[in-house]
Amino acid sequence: RASDAARARSAQRKLARHVFYPPEAVAAGIEGEVRLLLTLDSAGNVVEAVIASGSGHPVLDRAALSAAHAMQRVPSAGVRELILPVVFRLE
């Protein structure tokens, strides 16, 4: 559904504002993608965040989980579970 896609994009934008690329990963040239599974309550609050698919680098996985917890709430959620990617790429 279009509203589901819009909701996912909105959640992705909010998550991106909280992602912090760990300096030790930057220094080591580490890149990767983490897929997070967020469990939400009826108000859209993040009640649990787990790694659905890890990056292979614990430092990036921890940074992605920290970002999920920092966002606290997903706007206009209405869903109970959401999978969001967190991509760490050096420019």
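Rounding to the nearest 0.5 Å places OG1 of Thr39 at 5.0 Å from CD of Glu81. To the nearest 0.5 Å, atoms CG (Leu60) and CG (Leu65) are separated by 11.5 Å.
Applying the side chain to side chain donor-acceptor pair (under 3.5 Å) definition to pairs two or more places apart or across chains, those involving residues 48-58 are Ser55-Asp61.
Here the side chains of Leu82 and Leu84 are in contact, with some heavy-atom distance below 4.5 Å.
For Ser66, there are no side-chain contact (heavy atoms from CB on, under 4.5 Å) partners at least two apart in sequence or on another chain.
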- Task: May I have the step-by-step check of side chain to side chain contact (heavy atoms under 4.5 Å, CB included) for Met71 and Leu15, ending in yes or no?
- Result: CA-CA 6 Å; Met71 67 188 279; Leu15 178 63; 3.6 Å; yes
Determine all donor-acceptor pairs shorter than 3.5 Å in which one atom belongs to a side chain in residues 21-38; sequence neighbours excluded.
unit_1, atom_1, unit_2, atom_2, d
Tyr21, OH, Ile30, O, 2.5
Glu31, OE2, Leu90, N, 2.7
Glu33, OE2, Arg35, NH1, 3.2

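At distances below 3.5 Å, not a single donor-acceptor pair connects side-chain atoms of Asn45 with backbone N or O atoms of Val47. Using modelled atom types, one side-chain atom of Lys14 and one backbone atom of Arg73 make a donor-acceptor pair closer than 3.5 Å.
Residues Val87 and Arg89 come closest through the heavy atom pair CG1-CG, 3.5 Å. When all heavy atoms of Phe20 and Phe88 are compared, the pair lying nearest together is O-CE2, 4.0 Å.
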